[in-house]
Amino acid sequence: MAQEYRAKVFKSGNSLALRLPKALGFAEGEDMVVVPHANGKFSFWRESDSLDVLMSLYGSMSPGFMAEGRGDTEQDERDWSKPPSHSGAA
């Protein structure tokens with residue numbers, strides 16, 4: 001198992017900040033990507049490592065992932081006689 005570190009959340013102006021131990025090797029001002037998950041957990045990595053993170057996900061799906069396809073998706077009929085509306089997504 002990897003070394004366990006503790007971090008402290010504190011108030012910084014009108015925001016909250018997470019103080020990470022220097023031993024983790026992050027540099028001051030380094031840009032990070034933070035991804036919240038539905039279960040309340042977070043993943044984070046250096047922005048410069050984003051491509052490596054993406055490539056590490058390749059092939060990580062279970063063998064049966066989407067084995068039955070995407071399934072049927074219902075779509076409303078479109079009226080192609082009118083010019084497109086650019087009012088934005090609902």
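Below, each value reflects all heavy atoms present in this structure, side chains not excepted, and no hydrogens, waters or symmetry copies. All figures in this text were calculated on a predicted structure; none of them were measured in a lab.
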Task: Within-4.5 Å side-chain heavy-atom neighbours: Leu24 and Tyr5 - done: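 Leu24 vs Tyr5: side chains touch.
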Task: Listed partners of Leu18 passing side-chain contact (heavy atoms from CB on, under 4.5 Å), at least two apart - done: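 By the side-chain contact (heavy atoms from CB on, under 4.5 Å) rule, Leu18 matches Ala7, Val9, Leu20.
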- [ ] Kindly write out the residues that satisfy side-chain contact (heavy atoms from CB on, under 4.5 Å) with Asp76, not counting sequence neighbours, or none if the list is empty.
- [x]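 Asp76: no side-chain contact (heavy atoms from CB on, under 4.5 Å) contacts found.
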- [ ] Find out if a path of hydrophobic residues (ILVMFWY) with successive side-chain heavy-atom gaps under 4.5 Å connects Val35 to Leu16.
- [x]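 Shared cluster, no.
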Open item on the list: Please say yes or no: joined through hydrophobic side-chain contacts below 4.5 Å, possibly via intermediate residues, are Met32 and Phe42 part of one cluster?
Closed with: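 Yes, one cluster joins them.
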TODO: With sequence neighbours excluded, give me every side chain to side chain donor-acceptor pair (under 3.5 Å) pair touching residues 6-27.
DONE: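 The answer is Glu4-Arg6.
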Task: Any pair counted as side chain to side chain donor-acceptor pair (under 3.5 Å), so long as it reaches residues 29-40, sequence neighbours left out - done: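 Every pair satisfying side chain to side chain donor-acceptor pair (under 3.5 Å) with a residue in residues 29-40: Glu30-Arg46, His37-Ser43.
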TODO: Drop me the distance from Phe26's CZ to Phe44's CZ, to the nearest 0.5 angstrom.
DONE: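 Answer for the CZ-CZ pair, Phe26 versus Phe44, is 4.5 Å.
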